[in-house]
Every structure is written in structure tokens, then in C-alpha cells.
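What follows is a set of notes on a single structure, which appears directly below.
Since the model is a prediction, treat every value here as computed from it, not as a measurement.
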Amino acid sequence: MNVLFVSGLDFKEKSIQVIRKTPEYYAKKNCTVDYVVARDNLSNGNYFYEEEINPEGVNVHRIYWSFPGVRANLSRFFSLALTKISACIVVIKLFLLAKKLLKKNDYDVIYGYEIHGVLAVYLLKKCGLVGGSKIVSRFQGSFLNEMIEKRQFARIVFNIDAILAMKADCDLMVLTDDGTKADEALRKINAKARYIFVPNGVDMPPTNTLAKQAKIDTFNNARITCISVSRLVGWKRVDRCLSVFKELCAHKGIEAEYLILGDGEEKENLESVARRLGIDHLVKFLGAVNQSEVFKYIAASDVFLSMYDHSNVANPLFEAMRLNKLIVTVNNGSTGLWIKHMNNGLIYNEDSIDAKKISDDIVFLVSSEVERSSLLSNLSKTADEKLWTWDQRLQYEYQAVSALISGR
């Protein structure tokens with residue numbers, strides 16, 4: 001199978017794994033893989049801590065987003081406006097480069113990855129350039145459902161490109177079940193695509209990593225290590241985690257530390273918050289960490305904190321489930337389908353987050369071996385029943401795409 005990927009998102013080593021794993025998997029299946037990708041080198045964006053990566057077996061054709069220096073130094077409003085203009089330019093650049101490759105090669109599948117890639121592929125199709133190739137659209141989730149439910153009309157208009165992409169013609173759409181309810185968004189915007197809706201994968205950690213879980217049995221009156229793993233951007237709400245950690249430290253007899261894995265535009269602000277709360281000496285900002293190392297840090301921790309604004313169904317949550325950690329999270333998106341309060345974790349309604357109450361619940365479980373063991377046993381069952389390995393996840397997609405070629 002010959003596959004042409006078209007994407008406005010470059011590969012990552014320290015966060016979203018599936019961007020890289022997808023073409024790598026196709027290459028391992030002996031597919032010829034060309035990957036047209038646009039990289040955004042915004043100095044305060046999502047790639048300043050990521051090296052350029054060319055996955056093995058993948059023929060990468062890389063271009064770059066426009067105006068990175070200017071966008072980094074504008075106010076938020078003007079930066080967002082110029083980013084939208086740059087996004088339009090990216091779609092055109094992706095279209096032109098993919099067009100050149102289509103003149104030289106025949107592809108069984110043209111795979112648009114996320115909004116800009118999907119729109120570029122849509123242009124190729126409208127210009128009659130795709131021939132008999134099958135079209136796959138790929139989305140890592142979508143905030144559209146939330147916008148529609150909350151009647152955020154200005155935000156919907158600003159993200160009209162996302163709606164156009166999700167309504168674009170394709171033979172198959174691959175949607176990540178990341179808790180944002182992208183499948184519901186499809187129905188609400190009357191998109192007609194045939195789609196598969198699957199969570200990301202998460203592999204079993206190495207045996208030597210699992211052995212470190214024994215630390216959780218030394219909870220009582222010992223140092224409790226809390227951890228969060230995310231990009232340091234506003235909607236990931238690490239500030240909420242810091243507030244919970246402050247209240248945890250206020251409990252008599254509790255010694256705790258908090259590891260924050262990740263980097264991003266909010267790092268300096270979060271460091272300031274930690275100082276203001278008087279806990280900066282107990283909080284360690286470890287920066288962006290290669291994915292291969294994340295399991296080690298989670299394994300060495302006791303309490304996993306994830307309090308995002310939109311949905312907490314992300315790979316760090318899955319990794320914490322694999323490692324059977326005490327999970328503290330927020331009930332938004334479809335997070336409540338994974339975590340049940342005082343059953344297999346701690347989960348709180350977004351509109352009534354009380355840092356003191358959350359810390360009290362953590363201390364209760366720290367102090368009660370019976371309750372903690374029961375909760376973690378239930379979490380282990382949930383992980384066994386609901387989590388996919390990466391091989392299972394990617395094989396499922398590959399079979400669905402292969403079926404397009406065979407006409408099944």
C-alpha cells in the first residue's frame with residue numbers, strides 16, 4: 001500500500017505519541033509512506049522543546065508555518081488572528097507540495113491528518129488530483145462538541161475551519177476517543193463520514209518499571225510524591241493541581257513533593273503560583289521529558305493529578321492507570337466513563353472543585369490501607385478491560401484502512 005500523509009502537525013517525542021506512531025506503523029507494514037508536514041517553530045508554541053524527527057521508514061517532506069517570530073511577540077488577540085492567517089497559508093503550502101508528489105507517484109491512500117491536512121486533501125480532491133486514491137481524514141479529538149453545548153458562538157465562528165474539515169468528504173474518518181466527544185460533534189454538525197472511534201493506545205510498562213510500584217505501600221507518614229504530566233498551557237490547569245498540593249501539605253504528619261513533567265508558555269506563571277502559595281521548595285518542574293522516560297517518573301510517584309478544563313482522557317491518564325496510581329481528576333468530557341469517585345479514583349465536578357476537600361480525600365486514602373487497596377484493585381480491573389496497547393490500536397486502524405483498498 002502506498003500512503004501519502006498530509007499534516008499541519010509535526011512529530012513529537014515528548015508529548016502526543018500517535019502523530020509519530022501512525023506513519024511508523026504503516027511503514028512497518030511494508031507500506032511506502034510519504035509524509036508532507038508543516039512545522040510551527042513558534043518560540044512559545046508546542047515545538048520549541050521538540051527536535052525535528054524523521055521517523056524510520058517514512059519519507060518526510062517538511063515545510064514551515066509562516067511568521068513564527070512575529071506571532072510570538074504580539075498580544076494574544078493579534079497573535080491568534082495572525083495564526084489563523086498562517087494556518088490558511090499552511091493549507092495552501094501543504095496542497096502545493098502534495099500536488100507535486102501526486103504528479104510523480106500513485107497512492108492507494110491519501111491521509112489528511114488533523115484540520116490543516118484534511119483541508120489540504122479536500123482541495124486536492126476538489127481540483128481532481130486524487131484519482132482513484134481513497135481519502136482518510138484523521139482527528140485527535142475536537143473541542144467542537146463543547147463549543148456547541150455551551151453555545152460559544154464566537155468560538156464556533158473562529159473555528160469554522162474545524163467544522164469545514166470535519167464535514168469534508170472522505171472514505172473513512174479516524175477519530176480519537178479522547179473524552180472530548182468528537183463523535184457527538186460529528187452528529188451535531190451533520191457530518192456524513194463513515195468513521196471509527198477509538199482511544200489511543202498505551203503499552204504495558206517494562207517489568208523493572210513496574211517493580212517501583214511497591215513505593216505506594218509506604219504511604220503512611222512517608223513522603224507522598226504527586227505527579228502531573230502535560231504541556232504547560234492554560235487549559236491543562238496545573239494551577240488547580242498546585243492548589244490541591246498546597247492543601248495536602250497543610251495536613252499534619254503529611255510530607256509531600258510534587259513533580260511537574262512538561263513545558264510550555266505557562267511555565268513561568270506556574271512557578272510564580274508555586275512561590276505565592278509557599279510550596280515552591282516542594283515542587284519540581286522537570287521540563288519536557290522524552291516519552292520513553294515518562295513511565296519511570298509515574299512509577300516512582302504515588303498520586304497522579306490531572307485537572308484539565310475540557311477532558312482528562314489523555315495518554316498520561318492511561319499511563320497512570322497502567323501503573324495503578326491513585327488518580328485525582330475532573331469530571332468533564334467523558335472522563336467519568338473511565339474514573340468513578342471512590343471506586344477506582346477520585347473525580348470531582350468541574351463547577352465545584354474544592355482543593356481542601358480533594359486533599360482530605362487523598363489523605364483519607366493515604367491513611368486507609370483497606371480503602372486504598374480496594375480502589376486500586378478496581379482501577380486495575382478498569383485498565384485491563386478498557387485500555388488498548390499501541391499495537392492493538394494501530395492494527396485496528398490499519399485493518400480499517402486496508403479494507404478500503406480491498407473494497408470490503
Given the side-chain rings of Phe318 and Trp338, with only the six-membered ring counted for Trp, is the space between their centroids under 6.0 Å?
yes
CG on Asn378 to CG on Asn324, rounded to 0.5 Å
10.0 Å
Restricting to non-hydrogen atoms, name the atom on [X] and the atom on [Y] that form the minimum distance, rounded to 0.1 Å.
{"X": "Val3", "Y": "Cys31", "answer": "CG2-CB, 4.5 Å"}
{"X": "Leu102", "Y": "Ile110", "answer": "CD2-CD1, 3.8 Å"}
{"X": "Val294", "Y": "Val289", "answer": "CG2-O, 4.2 Å"}
{"X": "Ala288", "Y": "Tyr49", "answer": "CB-CD1, 3.5 Å"}

Would you call [X] and [Y] a salt bridge, using N to O less than 4.0 angstrom?
{"X": "Arg20", "Y": "Glu13", "value": "yes"}
{"X": "Asp309", "Y": "Arg240", "value": "yes"}
{"X": "Glu397", "Y": "Arg393", "value": "yes"}

Going by atom types only, do [X] and [Y] share a side-chain donor-acceptor pair under 3.5 Å?
{"X": "His251", "Y": "Asp360", "result": "yes"}
{"X": "Thr389", "Y": "Asp391", "result": "no"}
{"X": "Tyr111", "Y": "Ser7", "result": "no"}
{"X": "Glu52", "Y": "Tyr47", "result": "no"}
{"X": "Arg138", "Y": "Thr176", "result": "yes"}

Using residues 260-275 as the side-chain source, report each donor-acceptor pair under 3.5 Å to any protein atom, sequence neighbours left out, with the distance given to one decimal.
{"unit_1": "Glu266", "atom_1": "OE1", "unit_2": "Asn269", "atom_2": "ND2", "d": "2.9"}

Using only atom types and a distance under 3.5 Å, with no angle test, would you say the side chain of Asp171 pairs donor to acceptor with the backbone of Ile135?
yes
Under 3.5 Å, is there a donor-acceptor pair between the side chain of Asn349 and the main chain of Ser352?
no
Positive for side chain to side chain contact (heavy atoms under 4.5 Å, CB included) with Cys226, one of Val244, Leu259, Asp302, Leu248
Leu248
For a 4.5 angstrom cut-off between non-hydrogen side-chain atoms, does Met321 reach Phe304?
no
What pairs with Trp235 under ring-ring contact (aromatic ring centres under 6.0 Å, His included), at least two apart in sequence or on another chain?
Phe143, Tyr308, His310
Derivation and outcome, side chain to side chain donor-acceptor pair (under 3.5 Å), residues Asn190 and Lys192:
CA-CA 6 Å; Asn190 199 30; Lys192 304 297 185 182; 2.9 Å; yes
Enclosure of Lys284 NZ (heavy-atom neighbours >12, cutoff 6.0 Å)
no
In this structure, which one of Arg151, Lys181, Arg155 forms a salt bridge (Lys or Arg N to Asp or Glu O under 4.0 Å) with Glu146?
Arg155
Identified ring-ring contact (aromatic ring centres under 6.0 Å, His included) counterpart of Phe5 within the set Tyr25, Tyr35, Tyr107
Tyr35
Hey, mind stepping through Lys381 and Glu385 against salt bridge (Lys or Arg N to Asp or Glu O under 4.0 Å) and telling me if it holds?
CA-CA 6 Å; Lys381 292 176 184 176; Glu385 292 170 0; over 6 Å; no
